[in-house]
Amino acid sequence: MLHAHYGPQHWWPGNSPFEMMVGAILTQNTAWTNVEYAIKNLKTNHCLTPQKILNVDIADLAMWLKPSGYFNVKAKRLRNFCQWLVNAGGFDAVSQVETNTLRKQLLSINGVGPETADDILLYAFDRPVFVIDAYTRRLFSRLQLLDANEGYEHLRHQFEKNLGANAPLFNEYHALIVIHSKQSCTKKPCCSNCCLTSVCPSRSL
DNA sequence: TACCAGGAGAAAA
DNA sequence: TTTTCTCATGGT
C-alpha cells in the first residue's frame with residue numbers, strides 16, 4: 001500500500017557507503033535535515049573519509065558536526081567508528097565479513113547501538129537486517145501490530161521472520177515507513193487508534 | 001516559548 | 001538488572 005502510494009524510494013540518502021555510515025551515526029535522536037547540514041560541512045572541509053576524520057582536530061570535527069546536535073558526543077562516536085573501519089582494513093575488507101559477525105563487531109564500537117548498526121548493515125553493506133526505529137515502532141504500534149515497548153531484538157526478529165531475508169525489501173520497507181511517517185507527522189490522529197495511514201477507516205490519503 | 005526529532009552510554013537506584 | 005539522566009541543534 002505504501003509502495004503504491006509513495007513509489008520506490010531507493011534509499012538511504014547518501015552518495016557513498018561511507019556517507020551512509022556517517023549519516024547513520026549523526027542521525028541518532030536527530031532530524032535528518034540537521035544531519036544534512038553537518039554532512040555538508042564535512043564535504044566542504046574535504047573531511048568525508050575515515051582517514052581525514054581520524055586526523056583532523058577533534059574540536060574542528062565537533063564544530064562541523066554542530067548542526068546535527070550532540071556534537072561533542074557524535075565527534076567521538078564518529079571517530080570510534082572510523083578507527084574500527086580503518087583497523088578492520090577498510091570498507092572492502094569489512095564487506096567480506098559474515099553478517100552476524102559484522103553486526104557484533106559494529107555493536108562493540110562505543111557509540112554504535114542496535115539501530116545504528118542495522119542502518120549501516122542494511123544501507124551501506126546491503127545485508128538483510130531489518131531496522132527498528134522510532135518511526136517503525138510508532139506506526140506499527142498505532143496499527144496495533146506490535147507493542148512499542150517490546151525489546152529491539154524481539155521486534156527485529158519478528159519482522160525478519162515474517163518478511164524473509166531480503167535486503168532490497170527491507171531497504172524499501174523501512175524507507176517507506178520513514179517517508180510516510182514524515183509526511184504524516186504533520187497530521188493529527190483522527191481517533192485514539194489512528195494509524196495515520198489509509199488503512200485507518202476514518203482517514204484517506 | 002516549548003516541544004519534537006530516525007539513540008546510545010553512563011550513572012544511579 | 002532496570003531505570004533515569006545527559007548529550008544539543010534546528011524547525012515548527
Side-chain angles (χ1 to χ4, degrees), chain A residues 2 6 9-14 17 19-42 44-45 58-85 103-125 127 129-143 146-156 159-160 167 170-189 194-197:
Chain A
L2 291 174
Y6 294 108
Q9 300 302 306
H10 305 298
W11 240 36
W12 162 294
E19 187 176 330
M20 291 177 186
M21 294 186 261
V22 170
I25 292 168
L26 297 186
T27 198
Q28 291 171 356
N29 206 31
T30 301
W32 182 256
T33 49
N34 292 355
V35 175
E36 287 181 323
Y37 294 131
I39 290 178
K40 186 180 177 185
N41 286 340
L42 291 175
T44 301
N45 289 281
I58 190 83
D60 288 336
L61 182 59
M63 185 177 66
W64 298 333
L65 300 185
K66 205 164 188 175
S68 70
Y70 308 119
F71 51 88
N72 289 314
V73 171
K74 287 178 179 175
K76 291 177 189 168
R77 289 179 180 177
L78 192 53
R79 275 217 166 162
N80 290 340
F81 173 76
C82 289
Q83 190 65 67
W84 166 80
L85 188 60
R103 190 168 192 272
K104 285 177 186 170
Q105 289 183 15
L106 286 166
L107 290 173
S108 72
I109 303 167
N110 189 300
V112 176
E115 186 186 327
T116 306
D118 292 342
D119 274 335
I120 292 170
L121 285 167
L122 178 59
Y123 292 104
F125 290 102
R127 304 300 175 90
V129 176
F130 198 87
V131 178
I132 305 295
D133 60 9
Y135 288 145
T136 308
R137 286 181 187 272
R138 191 184 313 151
L139 177 62
F140 283 83
S141 173
R142 281 178 175 161
L143 287 168
L146 60 77
D147 177 359
N149 296 316
E150 273 289 356
Y152 185 96
E153 293 303 319
H154 173 78
L155 293 177
R156 182 171 73 88
F159 275 92
E160 291 177 2
F170 290 178
N171 181 318
E172 197 64 29
Y173 205 123
H174 179 239
L176 286 165
I177 290 170
V178 173
I179 198 76
H180 170 69
S181 299
K182 281 182 175 177
Q183 295 196 11
S184 301
C185 69
T186 56
K187 301 173 185 174
K188 291 180 179 176
C194 182
C195 54
L196 293 167
T197 74

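Side chains are part of it too, since the values below use all heavy atoms of this structure and drop only hydrogens, waters and symmetry mates. In what follows, every chain begins at residue 1, and chains take the letters A, B, ... in the order their sequences are listed.
For A:Tyr70, the side-chain atoms get nearest to C:dA8 when compared with the rest of B:dA5, B:dG7, C:dA8.
Just one residue in the list A:Leu139, A:Leu155, A:Ile132 forms a side-chain contact (heavy atoms from CB on, under 4.5 Å) with A:Leu146, and that residue is A:Leu155. Here the options are A:Trp11, A:Phe130, A:Phe159, the test is ring-ring contact (aromatic ring centres under 6.0 Å, His included), and the partner is A:Phe170; only A:Phe130 passes.
Atom C1' of nucleotide B:dA5 and atom CD of A:Glu36 are separated by 14 Å, given to the nearest angstrom. Between the P atom of C:dC7 and the CG atom of A:Leu65 lies a distance of 17 Å, rounded to the nearest Å. Straight-line distance from the CG atom of A:Asn34 to the C1' atom of C:dT12: 12 Å, rounded to whole Å. In this structure, A:Lys40 places its NZ atom 19 Å from P of C:dT9, rounding to the nearest Å. The CG-C1' distance, from A:Leu78 to B:dG7, rounds to 15 Å in whole Å. One interatomic measurement links the two molecules: CG of A:Asn41 to P of C:dT9, which rounds to 14 Å at whole-angstrom precision.
Rounded to whole Å, the P atom of C:dG10 lies 25 Å from the corresponding atom of B:dG9. C:dT12 and B:dG7 are spaced 22 Å apart, taking the C1' atom of each and rounding to whole Å.
Within 4.0 Å of A:Asn72, counting heavy atoms only, lie sugar-phosphate atoms of the nucleic acid but no base atom.
Here the CG-CZ distance, from A:Leu121 to A:Arg103, works out to 7.0 Å after rounding to the nearest 0.5 Å. The line from CD of A:Glu36 to CG of A:Asn41 is 12.0 Å long, rounded to the nearest 0.5 Å.
Inter-residue side-chain proximity for A:Tyr152 and A:Arg137 is flagged as met; some heavy-atom pair is nearer than 4.5 Å. In this structure, A:Thr44 and A:Trp64 have side chains that are not in contact, with every pair of non-hydrogen atoms separated by 4.5 Å or more. Residues A:Val129 and A:Glu160 are in side-chain contact: their nearest non-hydrogen atoms beyond the backbone lie under 4.5 Å apart. In this structure, A:Asn110 and A:Lys76 have side chains that are not in contact, with every pair of non-hydrogen atoms separated by 4.5 Å or more.
A residue-by-residue look at A:Tyr37 and A:Asn29 shows that A:Asn29 has its nearest nucleotide of DNA chain C further toward the 5' end.
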Anything under 3.5 Å between a protein N or O and an N or O of nucleotides 2-6 of chain C, put it in a table, one pair a line.
none

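No donor-acceptor contact under 3.5 angstrom links the side chains of A:Asp119 and A:Thr116, judged on distance only.
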What string of B, S and - do you get for nucleotides 8-13 of chain B, 5' to 3', if B is base contact, S is sugar-phosphate-only contact and - is no contact with any protein heavy atom under 4.0 Å?
BSS---
